[in-house]
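This one's a predicted model, so the numbers in the text were calculated from it and none came from an experiment. Chain naming here is simple, since letters A, B, ... match the order of the sequence lines and numbering starts at 1 in each.
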Protein chains: 2
Amino acid sequence: MRDTRAELLMQAETLVRGRGYAGFSYADLAEAVGIRKASIHHHFPSKVDLGAALVAAYAARYAAALAAIRAEVPDGTGRIEAYGRLYLGGVEQGLGCLCAALAIEGEALPERLRRDIAAFFADHLAWLEEILRAGQADGSVRVGTDPAVLARFVIATLEGALLMERLFASPDAFRGTLAVLVDGLKA
Amino acid sequence: MRDTRAELLMQAETLVRGRGYAGFSYADLAEAVGIRKASIHHHFPSKVDLGAALVAAYAARYAAALAAIRAEVPDGTGRIEAYGRLYLGGVEQGLGCLCAALAIEGEALPERLRRDIAAFFADHLAWLEEILRAGQADGSVRVGTDPAVLARFVIATLEGALLMERLFASPDAFRGTLAVLVDGLKA
DNA sequence: TCTTGTCTACCATTAGGTAGGTAGATTTCC
DNA sequence: GGAAATCTACCTACCTAATGGTAGACAAGA
């Protein structure tokens, strides 16, 4: 059996992360998966449905990764570095962040998707805040700045680095930025 | 007299920064300017021509702002903060970075535009590197990290903060991230 | 038999772009 | 100076391809 729905999600994610939400079409996706355009509508009636499913799957994958980092890495800055390496994968594959691709569309983005990606960022912010707070408590992260403020700073740096270093196809430059970020968080 | 070309550039910039390059059409622009769609082609034969003109105008405006900052602000971190406030304007107006909007399209973006926005970032990188190097020399910026690496870090943080805080419509959060960034650069 | 997944064949709308024309300003040349 | 030619900026009308989406048929499997 081939799980067409999963295949659609995978290829659609690659397309959106590679060219933006408005920049890909059902026709592109149909060709990538080897199915007829109309068949996609059976799985995802509208493009917004597909977009929402994409964000949900992406968020779920990230949630699992975040839980794994918390379980496997003990110290604060180590966790932030592991978090940053998640973004590095995008640079290496030439793929941006799904939610950044959607966020760029701003006012043109269907309200539902805007809410979904805002929730995505809010989740990461909450996770980072907790990680940073714990790091400050155990002395692995520098104190003096509100963890909530630091969390926003961390996401901003990584999202921006992914955006720019993908353009330059430069994973090394991304690693440099990640190193500066992590270094600045050390106690 | 009304300078239609300038008006087209202005409205097109707002559209691209608000909804992405693939997310706006000649029809949208025609309506915004109050002209017929076909007339746009008189000024900008193709959408790529328009995009290139947009980037050129945007880059020129930034170049002037960068020169002004260098002339008017004496110290390294003050200059970086002034640079960051340029991005803050976008958050306040609900508009992203033009070049980020284009960069998101990645592989789907016409080669010419990809080159143009890469040059935009390269210019900023060069300016920042020089500013940071001077700051390190005069003791206003912390030493120990290659200015070229720091420059990438600065742009990444600001581009990412603009992307995310525009979504959250939160200039205050942007200011917080900018403060953390500038603080971390102090000697 | 009913559901699931796919198909072909459509639909209306929009995309970027073109053809050809027109009113008004500007330049050229006697 | 005045007429003719040219140029500028815009128009209406159209084109082809692509967009997201729908209707209905059909085959396979539970």
Close residues, residues 10-32 of chain A, relative to DNA chain C [heavy-atom separation under 4.0 Å]: none
Nearest-Å distance for atom pair [atom1]/[atom2], residues [X] and [N]:
X	N	atom1	atom2	answer
B:His41	D:dA13	NE2	C1'	14 Å
A:Asp49	D:dG21	CG	P	8 Å
A:Lys47	C:dT14	NZ	C1'	13 Å
A:Arg36	D:dC26	CZ	P	18 Å
A:Asp3	C:dT6	CG	C1'	15 Å

It should be established whether [X] places a side-chain nitrogen or oxygen under 4.0 Å from OP1 or OP2 of nucleotide [N].
X	N	value
A:His42	C:dG5	yes
A:Ser39	C:dC7	yes
B:His43	D:dC10	yes

Pair B:Asp75 + B:Lys186, salt bridge at N-O below 4.0 Å: no
Pair B:Glu92 + B:Arg175: basic N to acidic O under 4.0 Å: yes
Side-chain heavy atoms of A:Leu158 within contact of A:Leu86, under 4.5 Å: no
Partners passing ring pair (Phe, Tyr, Trp, His ring centres under 6.0 Å) against A:His41 (at least two apart in sequence or in another chain): A:Tyr26
B:Arg17 NZ/CZ over B:Tyr58 ring centroid, <6.0 Å and within 45° of normal: no
Donor-acceptor contact below 3.5 Å, side chain B:Arg114 vs main chain B:Gly106: yes
Residue A:Lys37, side-chain atoms from C-beta onward, closest of C:dA9, D:dG20, D:dA9: D:dG20
